[in-house]
Amino acid sequence: MKSTRNILAMAIFCNFVIQKRMSCGMSVRVRFAPSPTGYLHVGGLRTALYNYFFARHNNGKLILRIEDTDRTRYVENSVENLIKTLTWAGIEFDEGPHVGGPYGPYVQSQRLHIYREYAKILVENGWGYYAFDTSEELENARKSSPHHEFKYDRYKMRNQFTLGEEETKRLIESGAPYVIRLKVPENQDIKFIDIIRGEIVVNTKDIDDQVLLKSDGYPTYHLANVVDDHLMKITHIIRGEEWLPSVPKHILLYNAFGWEVPAMAHLPLLLNPDRTKLSKRQGDVAVEDYIEKGYFRDAFVNFIALLGWNPSGDREIFTVEELIEKFQLEKVNKAGAIFDIVKLDAINAKYLYSKPIDELAEMFAYWVEKRGYKGFSKDYLARVVALLRERVKKLPDIIDFAPYMFERPKEYDREYFAKHWSGEVEQHLKNLLNIFKNIEVFSHQNLHDEVMKYLNERNLKLKEVIHPLRLAITGLSYGAGMFETMEVLGKEEVIARLEDFLTRILPTLVEKK
RNA sequence: GGCCCUAUCGACUAAUGGUUAGGUCACCACUCUUUCAAGGUGGUAGUACGGGUUCGAAUCCCGUUAGGGUCACCA
């Protein structure tokens, strides 16, 4: 135990050596290690993305590991959901529960015997010890100390040290529940280097004797992640900033086992608009929610990737290949970033304006069908998308923005009607209806020319009929260019709507005006 | 409360000792117009504060303040 200081110094040196060696071509192995508690959090997606970018950038391997050591929080099917969502985002794993690999199993609940074995080693070499305090006892101890000042006192609680070797042995043999705790040395500075933040020093007097093996035989995160990262030959740990405070415990464990400490990078948090940790209460945090809203995969990935990292320069639209090529852990920001949905919308809109129409039509068909609109051809949907995409942020928004492209108007904007209606207007619409009936090629150009001709003959302005026309055909006061809209709707439909409006709808509107 | 992390326009960020502190989103104005958008042009807006170091600081150091994270037999 007296050589602990040397071990620590050694570890820091090794840490440095590892990072050096890494840049000289030693193969990079990183992991994304979510716990299956239901869905993929957007913060989790960003962590996964950075691991993916880093792995690909360095020709390394990306491993998926499921950290399901808390049986009380396990949610059925969440592993499948996680993989599904990760796949949606385009993240491919080289090893993991779904693809296998040489360092499996990749699900921690299937590795319990390994953790027990290593926990035992710790007890044997003096870095771990048995404790018998119950959860209730600990809770009471915590409650009776003000604030968060409770610290596990290994010389006062019920454990190997207070009970003695004999009693400890007897209790274990009698089947009494126990945990194994880490024996944290008394007053030592633990130093480590975070790739993003630089050197960090923490004194062991601020660290608790962490439970490593729970009484149900499962390991805690701290034991499991250190053992697995070592056994799976992980070279770089890239994870959220919330793990930073527990790094010293992990360093102690690596030292206790005599293992090299992987390089580490702790990512800044994703924040709510009020700068607290991104949470469910203030908006959607599940990636699935954003898929459901209709954000594009590439736009969403682009947006998330740039939250906390930037390749420098003025660009902000990047393909995944470009993100991989440019990614550098050193350029990750230190401060947390607010998840701003307005900016996400803007980026999604840029993708919407630049994607090929046929590709968009393909995707749009899904959303249209989902809304219960059936029987529209790909060609029609393509023309609808081309007509309206510049007016919305997300593909399915087109349906809300212009429902009249899929069904006859159910309601008519009364304010708009009141503003633009007069006795003559009705006659103009009737005249235009007749003109439309005689247009052979129902193109926006022909519609425009014919309407203008009609207006010029009477010395009228376009605005005097265009608004009533829009109202009669769409029911709304806004939309794309009206001639273009009519062209996409088609001659038959436009005429039917105008006739229906003039004979059936109009009287009811006039009545209520 | 202890410990740790952080701090450039409202937001995301660029500028790694020398820039009129740049870009994007948002916002405002003008423009275009057939409404709503989009587009075009222009604009408002930032180095948290106080000390150092330096010829020179957003940048390095110290302090203050503010925010966040963490202190479980959760991850």
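The sequence lines fix the lettering, A, B, ..., with proteins before strands; numbering per chain opens at 1. Fair warning: this is a prediction, and the values are worked out from it, not measured in the lab.
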> Would you say A:L360 and A:L352 make side-chain contact, with heavy atoms under 4.5 Å?
Replying inline: yes
> Do A:Y295 and A:D345 have side-chain atoms, one donor and one acceptor, less than 3.5 Å apart?
Replying inline: yes
> Is A:T134 touching bases, backbone alone, or none of the nucleic acid, heavy atoms closer than 4.0 Å?
Replying inline: base
>> B:U70, OP1 or OP2 - any side-chain N/O from A:K277 closer than 4.0 Å?
In response: yes
>> For B:U33 and A:K461 - does any side-chain N or O of the residue sit under 4.0 Å from the phosphate oxygens OP1/OP2?
In response: no
> Is A:K191 near enough to B:C4 that one of its side-chain N or O atoms lies under 4.0 angstrom from OP1 or OP2?
Replying inline: no
> Base, sugar-phosphate, or nothing for A:R73, non-hydrogen atoms under 4.0 angstrom?
Replying inline: base
>> Just to be sure I understand the rule, does A:S312 reach a base, reach only the sugar-phosphate, or reach nothing, if contact means heavy atoms closer than 4.0 Å?
In response: sugar-phosphate
> Can you check whether A:R181 has a side-chain N or O nearer than 4.0 Å to OP1 or OP2 of B:C73?
Replying inline: yes
> Should A:R31 and A:D228 count as an ion pair when the cut-off is N to O under 4.0 Å?
Replying inline: no
>> In terms of relative ring orientation, are A:H222 and A:W243 parallel, tilted or perpendicular, with 30° and 60° separating the classes?
In response: perpendicular
> So what does A:N310 touch, heavy atoms closer than 4.0 Å: a base, only the sugar-phosphate, or nothing?
Replying inline: sugar-phosphate
> Using a cut-off of 4.0 Å on non-hydrogen atoms, how would the nucleic acid contact of A:F303 be classed: base, sugar-phosphate, or nothing?
Replying inline: nothing
> Are OP1 or OP2 of B:U16 and a side-chain N or O of A:K331 less than 4.0 angstrom apart?
Replying inline: no
>> For a quick check of understanding: with a heavy-atom distance under 4.0 Å over all strands, which category does A:A224 fall into, base, sugar-phosphate or nothing?
In response: nothing
> When the distance from CG of A:L307 to C1' of B:U6 is rounded to whole Å, what number comes out?
Replying inline: 16 Å
> Can you tell me if the side-chain N/O atoms of A:R315 get under 4.0 Å from OP1 or OP2 in B:C12?
Replying inline: no
> If we call it a pair only when both distances are under 3.5 Å in a Watson-Crick or G-U wobble match, what pairs with B:U34?
Replying inline: none
> If only side-chain N and O atoms of A:S246 are considered, is one of them under 4.0 Å from the OP1 or OP2 phosphate oxygen of B:U70?
Replying inline: no
>> At 4.0 Å (heavy atoms only), tell me whether A:S35 reaches a base, stays on the sugar-phosphate, or touches nothing.
In response: sugar-phosphate
> So does A:N333 get a side-chain nitrogen or oxygen closer than 4.0 Å to the phosphate oxygens (OP1/OP2) of B:A14?
Replying inline: yes
> Among side-chain atoms of A:D68 and A:S35, is any donor-acceptor pair under 3.5 angstrom?
Replying inline: no
>> Is A:R142 close enough to B:C73 that one of its side-chain N or O atoms is under 4.0 Å from OP1 or OP2 there?
In response: yes
> How many Å lie between NZ on A:K343 and C1' on B:C25, as a whole number?
Replying inline: 4 Å
> Counting only side-chain N and O atoms of A:T69, is one of them less than 4.0 Å from OP1 or OP2 of B:A75?
Replying inline: yes
